[in-house]
Amino acid sequence: MSEKRSKSVLFPDKAALLEGIAEQVWRLTFESFLDRVNAGAVDSASTPTHEASEPTEGTPTSPLLTYMRAYAHCLASTLRSHPGAVMLLLTHPMSTPEQLALLARVFVTLARRGFTPNADMLGLVNAVSIYTTAFVAAEVVPPVGGSPEQPVDLSAASAALDPEDAQALRPLIEDLLDGRYDFNAQFERGLEAILRGWA
């Protein structure tokens, strides 16, 4: 059987191929997460380490939220390593039996470690997944009609504004204009806001 024929058997159409790619991204994410859990890098009984997304002061540190912080970081890392799959994942939520089986494996592993997910966990997984994927998209996906080689020039756009408008916007975009915008720090702040709101 030729290679082309073999691929057509595995993926009978484009939709199946795209779902297969999405499944692989989820597989890499969940395997990375479980590797952390099994290695003891995610301790649900204590405050997470910085690598696993250290909560800011006053942030709840329940087992659920500790695991979700680690999951968000694993997903972000996987997507940054596969930028071409970011928009695919954003528009193809987890829905196939194979993808759901990967998620079930995570829950089974956590259950063996004494963690029982509550009814809200699937909703939280969904919220964190959408937030993380969209945030990484803002980092790595070129704007429509643009390219990484031709980034948006906010300085030029700001300079073309009416002086009063530019002055009003300056406090909001100052970090971007000065090259001090920290995507990682902003990701952490948004993630913690979601987790606090869910607690």
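The residues of the chain are indexed from 1 along the displayed sequence.
Judged purely by distance below 3.5 Å, without hydrogens or angles, the side chains of Tyr71 and Thr29 never pair a donor atom with an acceptor atom.
Looking at every heavy atom in both residues, Leu88 comes nearest to Ala22 through CD2-N, 3.9 Å. The two atoms that bring Ala134 and Leu90 nearest to each other are N-CD1, 3.9 Å, heavy atoms only. The shortest heavy-atom contact between Val25 and Ala85 is CG2-CB, 3.7 Å. Taking every heavy atom of both residues into account, Ala127 and Trp198 meet most closely at CB-CZ3, 4.0 Å.
In this structure, CD in Gln24 is found 10.0 Å from CD1 in Ile21, a value given to the nearest 0.5 Å. Taken to the nearest 0.5 Å, the CG atom of Leu102 stands 5.0 Å off from the CZ atom of Arg27. Rounded to the nearest 0.5 angstrom, Leu195 CG and Ser62 OG are separated by 8.5 Å. Once rounded to the nearest 0.5 Å, the distance linking OG of Ser95 with CD of Glu23 reads 10.5 Å. Annotation: the span from Thr133 atom OG1 to Leu75 atom CG amounts to 4.5 Å, rounded to 0.5 Å. Rounding to the nearest 0.5 angstrom, the gap separating the CD1 atom in Ile194 from the CG atom in Leu65 is 11.5 Å.
The side-chain contact (heavy atoms from CB on, under 4.5 Å) check on Ser77 picks up nothing, with sequence neighbours excluded. For the side chain to side chain donor-acceptor pair (under 3.5 Å) test, residues two or more places apart in sequence or in another chain that qualify with Glu139 are Arg80. Applying the ring-ring contact (aromatic ring centres under 6.0 Å, His included) rule to Trp26 yields the partners Phe30; only residues at least two apart in sequence or on another chain are considered. For Arg105, there are no salt bridge (charged side-chain N to carboxylate O under 4.0 Å, His left out) partners, not counting sequence neighbours.
The closest side-chain heavy-atom distance from Phe33 to His73 is not below 4.5 Å. Tyr67 has its side chain out of reach of Arg36: every pair of non-hydrogen atoms, C-beta onward, lies at least 4.5 Å apart.
The list of salt bridge (charged side-chain N to carboxylate O under 4.0 Å, His left out) pairs with a residue in residues 84-94, not counting sequence neighbours, is empty.
The hydrophobic clustering, which links ILVMFWY residues whose side-chain heavy atoms are closer than 4.5 Å, places Ile130 and Val106 apart.
Each of Val140, Leu28, Leu89 was compared with His82 under the side-chain contact (heavy atoms from CB on, under 4.5 Å) criterion, and only Leu28 meets it.
Put simply, the side chain of Glu192 never gets that close to the backbone of Glu188: no donor and acceptor are under 3.5 Å apart.
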Side-chain donor-acceptor distances from residues 114-124 under 3.5 Å, at least two apart:
residue : atom : partner : partner atom : Å
Asn118  : OD1  : Asp120  : N            : 2.9
Asn118  : OD1  : Met121  : N            : 3.1

message = I'd like to know whether Glu19 forms a side-chain contact (heavy atoms from CB on, under 4.5 Å) with Gln99, so could you lay out the CA-CA distance, the side-chain angles of the two residues, the decisive distance to 0.1 Å, and finally the verdict.
response = CA-CA 9 Å; Glu19 291 296 352; Gln99 293 165 3; 3.2 Å; yes
ask   = Taking it one step at a time, do Asn38 and Thr109 satisfy side-chain contact (heavy atoms from CB on, under 4.5 Å)?
value = CA-CA 9 Å; Asn38 292 328; Thr109 300; 3.9 Å; yes
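If you look at Phe187 and Phe183, their ring centroids are not closer than 6.0 Å.
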